[in-house]
Amino acid sequence: MRGDAMPFQFRGDIAHADVAFDAWAASLDELFAAAAEATLAVMVESPSEVYQVAAVPVHLEEHDLEMLLFEWLNEIIFLKDARRLLLHPAEIRVGEAPQGCTIEALLKGEEIEPERHRLITDVKAVTLHRFSVRHTGERWEATVVLDV
Amino acid sequence: MNIPTAITKISPTLWEIPVSYKEGMLVPARIFATEKLLSEMDAGVFDQVTNVASLPGILKYAYCMPDGHWGYGFPIGGVAAMDPHTGVISPGGIGFDINCGMRLVLTNLTEEEVRPRLHQLVDRLFARIPTGVGCHGFVRLSESEFGQVAEQGSRWCFKRGFATQDDLDMTEEGGCFAGADASHISNKAIQRGYNQLGTLGSGNHYCEIQVARPENVFDAQLARAFGIDIPNQVVVMFHCGSRGFGHQVATDYLKLFLSVMERKYGLKVVDRELSCAPFRSPEGEAYFSAMKCAVNMAFANRQVILHRIREVFSDIFQRDPFNLGMKMVYDVAHNTAKLERHEIDGKQREILIHRKGSTRAFGPGGYGLPECYAKTGQPVIIGGSMETGSYLLAGMAGGADAFFTTAHGSGRTMSRHQAKKTFRGDKLQRDMESRGLYVRTDSFGGLAEEAGAAYKNIDEVAETTERAGLSRRVARLVPIGNIKG
């Protein structure tokens with residue numbers, strides 16, 4: 001399975017009971033967006049049916065890029081449980097911070113409507129199993145395993 | 001074939017990987033499996049169980065149960081006992097879904113009585129028990145009330161009229177791990193959890209109506225002792241856990257341990273999912289207490305769901321739930337760490353046991369068991385896939401070697417990704433209905449992931465636990481109705 005608009009691919013070889021994906025992009029901003037879209041695609045059949053009517057600003061700081069991506073995806077899962085929001089990445093800026101790195105972002109989406117969103121599987125956590133963010137040649141890549 | 005060449009056969013159902021297999025191993029790793037089940041295990045099992053064997057303070061062996069498969073840090077089916085004074089506690093040894101567990105409830109109805117109302121019953125259960133992505137529960141709580149749930153577990157349910165004393169007696173630890181302190185849980189964990197009490201969730205979580213057919217009863221005497229004494233008796237089994245709350249607790253402490261493990265305690269692990277802290281440290285003790293909060297939330301979650309199941313049966317059959325014989329057989333926890341007393345090298349001592357995707361299975365005379373199970377051993381509930389059935393078993397005296405622990409399910413052999421490519425949820429639903437199993441789900445994609453062919457043979461897993469002396473088969477339970485998220 002492959003995302004329609006975003007560069008990510010689900011894989012079945014590293015997490016039998018859960019969901020794993022690879023994401024890739026030319027920039028870190030795009031990589032973080034691709035990982036967020038992949039996470040949404042695990043939960044809903046048609047992410048395009050999730051309308052961007054509510055906006056949630058996100059600001060995170062971590063000591064390295066891997067933990068920043070880890071926390072970014074955790075934030076999306078937190079908002080799904082705490083506020084019942086399904087969210088697309090809308091604006092993302094990943095940059096350096098005095099103690100490591102930071103993300104300033106806007107997530108846009110709407111409250112869960114089970115009939116219209118055709119829900120698939122609840123994502124419950126981001127794991128650190130095989131988790132990585134790396135720069136290879138011309139692009140950034142990430143591998144993520146989600147606990148479902 | 002993923003089996004390491006260094007493995008040796010201890011018995012037809014037990015295998016050992018020696019400490020020489022990997023640098024840093026402190027104890028050998030032992031895997032309970034037949035040759036066939038061992039050959040089906042993925043490479044991750046062998047890698048991860050031998051990583052566990054390198055954790056500081058581990059005692060005797062790092063174990064893996066017959067349903068073992070790749071997990072995070074520990075394999076699913078992993079068991080490790082630590083010296084509480086010198087050993088560590090690791091969220092990776094417990095899992096994200098803390099106290100994910102199984103509950104089995106009797107009825108005095110027969111399959112013949114339930115069949116004519118099966119669709120009505122399953123439809124009503126599906127309507128009344130929230131399932132699926134981001135669902136909110138039917139118990140409305142404030143954030144401060146949720147703290148009481150986390151500290152009191154099923155006892156909170158008893159006070160609020162959702163439980164009977166008998167329900168508490170039939171739950172591991174009475175439905176409340178002592179020492180849970182809500183001051184150790186984050187605001188984020190509370191915000192994720194306080195509206196999820198009374199939700200089933202999704203993935204492999206389900207509520208199932210099952211039948212104990214006479215030909216599937218292995219031990220009639222034990223079955224009678226557990227309340228299964230009518231031909232084609234209908235029972236209800238369900239599987240769920242601490243929902244987003246438990247996951248947030250695990251995530252919070254995984255991060256905390258990563259930040260202090262090496263810097264403060266000089267601990268190094270080969271896999272970040274094995275991040276840990278000394279059990280007797282401020283961080284280790286805080287996690288143990290927070291984990292107990294999640295354990296208690298899961299007990300409370302299963303308890304309020306049981307209350308609702310009783311309401312639904314009562315509505316449909318127009319009889320009081322207790323007139324319907326809706327008594328709990330038992331509630332077992334899968335993902336926990338506990339201080340228990342066991343015999344180690346001939347001496348009774350307190351040890352910290354991590355059980356991840358495995359079930360406590362005290363044999364006859366096991367401490368803390370309700371009086372009615374003192375002679376039988378603890379009821380053990382092993383859930384299979386919706387297509388293949390599940391098992392009721394009993395703990396055995398021979399389980400002492402594995403700290404009285406047994407399997408928890410059938411274990412996957414096919415990834416979710418592969419299952420979804422191989423099966424179609426809507427077709428599977430129709431096929432199952434033609435075979436007498438009525439299933440309601442929020443998600444056909446999710447249903448396809450749970451196809452029976454994606455799992456190991458539950459019969460072989462259950463039989464292996466019996467041959468290994470871990471748990472004795474009492475009855476095989478065949479599903480006729482199922483709701484899943």
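The figures that follow rest on heavy atoms only: side chains count, while hydrogens, waters and symmetry mates do not. The shown structure was predicted, so the numbers you read here are calculated from the model rather than taken from an experiment. All chains are named by letter (A, B, ...) in the order of the sequence lines, taking the proteins before the strands, and each is independently numbered beginning at 1.
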Is [X] in contact with chain A via its backbone, its side chain, both, or neither, using a 4.5 Å heavy-atom distance?
X	answer
B/Asp42	side chain
B/Ile76	neither
B/Gln48	side chain
B/Thr413	backbone
B/Leu254	side chain
B/Asp442	backbone

Indicate the atoms forming the closest heavy-atom contact of B/Val133 with A/Lys80, along with that distance.
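Answer, listing the atom of B/Val133 first, then A/Lys80: CG1-CD, 4.1 Å.
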Please name the pair of heavy atoms, one in A/Leu119 and one in B/Ser443, separated by the smallest distance, quoted to 0.1 Å.
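Result for this residue pair: O-CB, 3.1 Å.
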Does [X] [atom1] have over 12 foreign heavy atoms under 6.0 Å away?
X	atom1	answer
B/Lys268	NZ	no
A/Arg84	CZ	yes
A/Arg93	CZ	no

Step by step, would you call B/Phe444 with A/Arg118 a side-chain contact (heavy atoms from CB on, under 4.5 Å)?
CA-CA 9 Å; B/Phe444 284 130; A/Arg118 290 190 287 151; over 6 Å; no
Name the option with the most non-hydrogen atom pairs under 4.5 Å to chain A; the candidates are B/Met414, B/His136, B/Gln196, B/Gln418.
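Ranked by contacts with chain A, first place is B/His136.
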Winner by heavy-atom pair count (cut-off under 4.5 Å) against chain B, out of [options]:
options	answer
A/Leu85, A/Ile77, A/Ile112	A/Ile112
A/Ile120, A/Leu79, A/Val148, A/Leu86	A/Ile120
A/Asp18, A/Val19, A/Val145	A/Asp18
A/Arg11, A/Glu115, A/Arg83, A/His117	A/Arg11

B/Gln248/A/Lys124 under side-chain contact (heavy atoms from CB on, under 4.5 Å): CA gap, chis, key distance, verdict:
CA-CA 8 Å; B/Gln248 191 64 45; A/Lys124 294 180 283 199; over 6 Å; no
Quick one: sort the B/His417 and A/Phe10 rings into parallel, tilted or perpendicular, breaks at 30° and 60°.
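Because their plane-to-plane angle lies in the 30° to 60° range, the rings of B/His417 and A/Phe10 count as tilted.
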Using modelled atom types and a 3.5 Å cut-off, is there a donor and acceptor pairing between side-chain atoms of [X] and backbone atoms of [Y]?
X	Y	result
B/Arg192	A/Ala82	no
B/Ser202	A/Thr121	no
B/Arg272	A/Phe131	yes

Measuring only between side-chain heavy atoms, which start at C-beta, is [X] closer than 4.5 Å to [Y]?
X	Y	answer
A/Glu62	B/Lys255	yes
A/Phe78	B/Gln191	yes
B/Thr251	A/Val126	no

If you apply the rule side-chain contact (heavy atoms from CB on, under 4.5 Å), what do you find for B/Tyr72 with A/Leu128, and how did you get there?
CA-CA 8 Å; B/Tyr72 309 125; A/Leu128 290 173; over 6 Å; no
Please classify the contact of A/Val44 with chain B as side chain, backbone, both or neither, using a heavy-atom distance under 4.5 Å.
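Neither; nothing under 4.5 Å.
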Between A/Asp81 and B/Arg243, does any NZ, NE, NH1 or NH2 come within less than 4.0 Å of an OD or OE carboxylate oxygen?
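No salt bridge links B/Arg243 with A/Asp81.
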